[in-house]
Amino acid sequence: MPSHQGEEEDKPCRACSDFKSWSKKTKVKIQTPSKPEPPPLEAKECPLDKEELGKSTWGFLHTMASYYPEKPTKSEAEKMVQFFNIFSQFYPCEPCALDFQDDIKKHPPKTKTREELAKWLCDRHNTVNKKLGKPMFDCSKVHERWKDGWLDGSCD
């Protein structure tokens with residue numbers, strides 16, 4: 001599967017990189033105040049960077065797959081395929097979106113059952129994990145992780 005990691009984008013994208021890399025590309029200076037400022041009364045929420053966006057997105061997608069109907073209708077199955085195709089077109093990180101588009105062309109969404117969708121998505125996630133040098137996730141545990149909670153009760 002081709003990787004788009006080394007390709008330059010038309011414009012810097014905060015969702016496609018960590019904040020420091022993004023700020024260098026956009027020439028945003030991170031200034032260190034000369035004297036410490038008191039902490040803000042309320043913490044400001046900042047836009048997600050690549051890591052935060054990826055983790056949140058995978059969490060959402062796996063959760064959605066775990067709540068997908070066990071036996072979806074033909075219409076539900078078709079809509080889920082359509083969702084992933086549309087999702088891959090609009091994901092805010094361009095290199096990530098292009099990689100996902102390439103991957104789902106080779107491995108189209110499997111939407112006949114909840115188990116099939118959850119396994120397909122876990123395999124797609126592990127494809128990304130492998131590219132990034134991250135550990136593989138045990139796909140037999142997707143529902144524990146994103147729906148039911150761990151068997152040891154640690155989520156109760």
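On a predicted model such as this, the values are computed, not experimentally measured, just so you know. Count residues from 1 along the sequence. Side-chain atoms are counted along with the backbone in the values below, which use heavy atoms only and exclude waters and symmetry mates.
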Trace of the side chain to side chain contact (heavy atoms under 4.5 Å, CB included) decision for Lys119 with Lys110: CA-CA 9 Å; Lys119 171 77 167 81; Lys110 295 183 178 183; over 6 Å; no
Atom pair OG (Ser140) and CZ (Arg145), whose distance is rounded to the nearest 0.5 Å: 14.5 Å
Any side-chain heavy-atom pair from Tyr68 and Thr63 closer than 4.5 angstrom? no
Lys112/Glu78 ion pair, N-O < 4.0 Å: no
Does Met80 reach the side chain of Met64, with side-chain heavy atoms less than 4.5 Å apart? yes
Lys141 side chain near Asp138 side chain, heavy-atom distance below 4.5 Å: yes
Using 30° and 60° as the class limits, which term best fits the ring planes of Phe87 and Phe84: parallel, tilted or perpendicular? perpendicular
Check: Asp49 side chain, Glu52 main-chain N or O, donor-acceptor pair, under 3.5 Å: yes
Is any side-chain heavy atom of Asp123 less than 4.5 Å from a side-chain heavy atom of Cys139? yes
Does some side-chain heavy atom of Asn85 sit less than 4.5 Å from a side-chain heavy atom of Ile104? yes
Take Thr57 and Tyr91 through the test side chain to side chain contact (heavy atoms under 4.5 Å, CB included) and record every step on the way to the result. CA-CA 9 Å; Thr57 299; Tyr91 192 73; 3.5 Å; yes
Determine the minimum heavy-atom distance between Ala65 and Arg114, stating which atoms define it. O-CG, 3.5 Å
Are His62 and His125 side-chain neighbours, meaning at least one heavy-atom pair lies under 4.5 Å? yes
Does any non-hydrogen side-chain atom of His143 lie less than 4.5 Å from one of Glu115? yes
For the residue pair Thr111 and Trp120, establish whether any side-chain heavy-atom pair is separated by less than 4.5 Å. no
Determine whether Val142 and Met136 fall in the same hydrophobic cluster, where Ile, Leu, Val, Met, Phe, Trp and Tyr are linked whenever their side-chain heavy atoms lie under 4.5 Å apart. no
What's the separation between atom OG1 in Thr73 and atom NZ in Lys79, rounded to the nearest 0.5 Å? 7.5 Å
Mark yes or no for whether Glu76, through its side chain, and Pro69, through its backbone, hold a donor-acceptor pair below 3.5 Å. no
Minimum heavy-atom distance Pro72-Ala77, with the two atoms named: CB-N, 4.3 Å
Measuring from Lys105:NZ to Ser88:OG, what's the distance to the nearest 0.5 Å? 8.5 Å
Is the centre of the Trp146 ring less than 6.0 Å from the centre of the Phe137 ring? yes
Atom pair SG/CG of Cys93 and Asp99 - distance to nearest 0.5 Å: 8.5 Å
Trp58 and Leu132: same hydrophobic cluster, using ILVMFWY side-chain contacts below 4.5 Å? yes
Give a yes or no on this: more than 12 heavy atoms of other residues, nucleotides or ligands lie within 6.0 Å of atom NZ of Lys147. yes
Could you measure the distance from the CD atom of Glu116 to the CD atom of Glu70? Nearest 0.5 Å is fine. 14.0 Å
Enter the distance from Leu121:CG to Leu61:CG here, rounded to the nearest 0.5 Å. 5.5 Å
